[in-house]
Protein chains: 2
Amino acid sequence: MKSEETTFQTFEIIAFFLNYVLRLEKMTNHTPVTLKFLAEKLKMSVSTVSKALNNYPTINTYTKQRVQEMARELRFTPNKSAINLKERRSCIIGVILPNLLDHFFTRSIYGVEQFATQNGYNVIISQSHDELEKEIQSANMLLKSRVDGLIVAISKQTQDFAHLDQFEQMGIPVVYYTRNPSFNLSCHKVLGNTFQGCYQATQFLIDRGHQKIAYLGGPKMINFTHDRFNGYIHALKDNQLPFSSALVAYTDFDQENTISAIRKLFADPANSPTALVAFKEPILFDALKYLKTSDHPHFDQIESIGFGNNAFISYLDSPPIASVEENPESVGENAIKLLLRLINQEIDMSNHQKVIVDCKLVVHCG
Amino acid sequence: MKSEETTFQTFEIIAFFLNYVLRLEKMTNHTPVTLKFLAEKLKMSVSTVSKALNNYPTINTYTKQRVQEMARELRFTPNKSAINLKERRSCIIGVILPNLLDHFFTRSIYGVEQFATQNGYNVIISQSHDELEKEIQSANMLLKSRVDGLIVAISKQTQDFAHLDQFEQMGIPVVYYTRNPSFNLSCHKVLGNTFQGCYQATQFLIDRGHQKIAYLGGPKMINFTHDRFNGYIHALKDNQLPFSSALVAYTDFDQENTISAIRKLFADPANSPTALVAFKEPILFDALKYLKTSDHPHFDQIESIGFGNNAFISYLDSPPIASVEENPESVGENAIKLLLRLINQEIDMSNHQKVIVDCKLVVHCG
DNA sequence: CAATTAATTGCAAACGGTTTCGCTCTTAAT
DNA sequence: ATTAAGAGCGAAACCGTTTGCAATTAATTG
């Protein structure tokens with residue numbers, strides 16, 4: 001009886017000290033917890049420990065238990081760099097986009113992030129601020145980081161693609177989204193159906209009785225500026241409405257340029273538009289603000305629609321009558337899904353894909 | 001004479017073929033360009049190639065030239081995983097924040113990104129969407145990626161910090177910014193001077209003759225809600241204005257709650273506030289919108305100030321009279337700078353630092 | 001009891017770099 | 001002529017993990 005007790009006590013004391021040592025080792029974390037470290041503790045080989053943690057069938061169940069317990073105890077975390085080196089990949093997806101202050105891109109990131117992390121990838125976002133120089137820097141940085149794939153919305157300055165072509169030359173798939181190389185330069189792309197969005201917006205205004213609908217376009221460098229214009233044109237045509245170049249003007253994201261575009265559109269008081277379709281909501285807001293202050297005679301009768309469906313609209317006193325919702329989350333989601341299939345070689349890189357995401361008209365007024 | 005020409009031609013032909021072979025090798029990129037590959041091409045040892053590329057003084061200038069030229073030719077890019085493994089680091093900074101749709105955080109990223117990339121670090125951003133569960137997931141993901149440092153703005157649900165303490169236990173420095181563990185829980189932090197910001201806002205309204213100034217606070221879970229309240233209180237006190245609990249209400253980011261908070265503040269028509277200081281602009285916008293639709297008798301005389309200085313303010317018809325600019329870029333910049341110093345062991349991790357970034361009152365009305 | 005088979009475990013190479021150390025070969029100094 | 005110094009290069013270890021194969025032991029079979 002007594003000896004049993006003693007044995008038990010001894011056991012407890014040993015357990016206590018073992019725990020103590022373990023805790024000390026946790027605290028003085030100068031020796032990182034590696035497989036080798038675990039192996040020495042357990043008096044096993046590194047390979048056994050590795051296999052036990054990865055649940056190899058050839059490893060004894062009891063051994064697995066011991067190893068896994070110790071790993072948990074010492075908070076073992078496998079070194080990603082080592083695994084990446086071995087597996088010849090980085091588990092990183094690079095994203096280059098113009099600006100996170102633009103809610104379209106911020107929302108698109110949501111879709112990207114979700115599916116990336118679900119599949120064990122990390123996402124590095126890099127903003128070009130619509131400058132080619134920064135875009136090149138970002139691209140080079142991501143190339144050095146050896147991303148497994150790239151998702152990119154090009155800057156409005158980008159015309160040469162050498163910095164992005166590098167990736168494909170190294171076998172790294174690239175998916176362009178939203179903003180992409182114009183014309184028929186072949187690449188993988190995911191686009192909003194900006195034609196359909198603009199067509200619907202114009203149709204909506206026509207249905208409300210408008211005859212003179214102006215189109216305020218964005219930077220001509222951005223490819224889909226023209227698609228939107230085409231949507232506008234086709235809607236007019238399908239409704240037998242005349243097209244007038246006086247009703248079309250272009251601007252960029254600069255307020256000054258928007259104002260002069262609006263001045264042009266409303267230059268002829270006898271023939272001024274009663275409705276407006278705008279490339280992007282911030283531009284539309286600048287336009288409406290200017291129109292209001294410039295005391296346009298029928299300002300309150302002008303109905304407008306922009307792309308974006310910004311949450312801020314509900315705070316405006318004279319809000320656009322509707323918005324074109326571009327479903328950025330869905331665009332991002334489609335981009336990452338396509339990229340993952342390219343990475344996994346489910347699709348050949350040279351077999352260029354094109355995915356179109358429809359827009360939806362959201363009506364604001366009651 | 002003739003022999004010289006022949007030699008020259010021969011040389012050209014060789015050069016041409018060499019180029020051809022090199023291009024072929026570039027195209028069929030099945031063998032990745034590694035140091036070993038370069039070494040074999042150049043008939044040198046791997047170590048010489050490595051040293052030549054890293055400009056070691058012990059390597060002959062001519063050798064360096066040859067190596068660097070070949071490296072450029074074959075587009076050699078050192079494998080980051082291999083370097084990271086050797087250097088025992090990842091060159092990745094993790095950032096956990098509630099939401100990129102909040103311009104404060106988006107702008108703060110700008111400061112972080114800039115200094116991180118300048119110092120050779122990549123940034124992985126992870127959104128918690130103000131949910132503890134997601135924050136824990138993000139933290140674990142970043143821990144697995146073995147980030148070299150962490151910058152975090154906690155979710156409004158976070159009260160337990162085990163998932164973040166892990167990092168420091170593994171020797172990875174953590175800097176809390178903006179939102180941080182309340183009370184005197186010791187950690188590295190970079191904060192906006194939210195007390196001063198709120199004090200100035202209140203003082204500004206007092207200077208404009210307001211006597212009954214309401215304070216619309218944010219979620220009580222967010223630590224600096226109280227700092228702002230104190231700024232408000234102190235401004236009142238310093239101007240010998242009475243404090244009334246009827247003039248204080250709290251909400252979160254939910255519109256419904258904001259409306260009921262506003263109802264409470266303006267419940268007594270005889271004693272309703274003439275000015276309003278709000279925790280954050282989106283909340284203020286909700287409040288103003290409700291006040292306007294609820295036909296408050298002196299709506300147009302109510303002057304208000306919120307935190308944020310949102311760019312959209314210029315589009316509002318009845319904008320706040322001023323904004324508290326929180327300088328998010330500067331907050332982000334200070335956070336990454338502190339983190340880098342911790343990573344470089346210029347500051348001991350146990351020597352907890354606190355950095356305060358002042359706010360600035362921006363007046364909107366003419 | 002020897003021989004075969006099955007169950008575990010360990011060895012060692014590989015991933016792609018960096019870096020220490022030592023070796024060879026000049027060249028200058030003694 | 002001998003030695004010392006120094007320039008230039010290469011061998012090898014190392015970072016942490018995975019994995020094919022060999023080695024060991026135990027169990028089963030003829």
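Each chain gets a letter, A, B and so on, in the order the sequences are listed, and its residues count up from 1.
Backbone-only engagement by Asn54(A) is indicated by non-hydrogen atom pairs under 4.0 Å involving sugar-phosphate atoms exclusively. Using a 4.0 Å heavy-atom distance criterion, Thr63(B) is classed as a sugar-phosphate-only contact.
Relative to the ring axis of Tyr62(B), Lys64(B) does not place its NZ or CZ within 45° and under 6.0 Å from the centre.
Here the side chain of Ile83(B) is nearest to one of dG10(C), dG16(D), dG17(C), namely dG17(C). In the set dG10(C), dT19(C), dT18(D), the nucleotide with an atom closest to the side chain of Lys51(A) is dG10(C). Listed candidates were dC9(D), dG17(C), dT18(D). Nearest to the side chain of Thr34(B) is dG17(C). Picking from dT9(C), dG17(C), dT18(D) the nucleotide with the shortest atom distance to the side chain of Phe76(B) gives dG17(C). In the set dG17(C), dT8(C), dG10(C), the nucleotide with an atom closest to the side chain of Met44(A) is dG10(C).
In the interface, the side chain of Lys86(A) is paired with the base of dT18(D) through a donor and an acceptor atom under 3.5 Å apart.
When the nearest nucleotides of DNA chain C are assigned to Ala82(B) and Ser47(B) by heavy-atom distance, the more 5′-ward of the two goes with Ala82(B).
Dense packing is recorded around NZ of Lys134(B), with more than 12 heavy atoms of other residues, nucleotides or ligands lying under 6.0 Å away.
Remark: Ser45(A) is not in phosphate contact with dC11(C), judged by side-chain N or O atoms under 4.0 Å from OP1 or OP2. In terms of phosphate contacts, Asn60(B) brings a side-chain nitrogen or oxygen within less than 4.0 Å of OP1 or OP2 of dG8(D).
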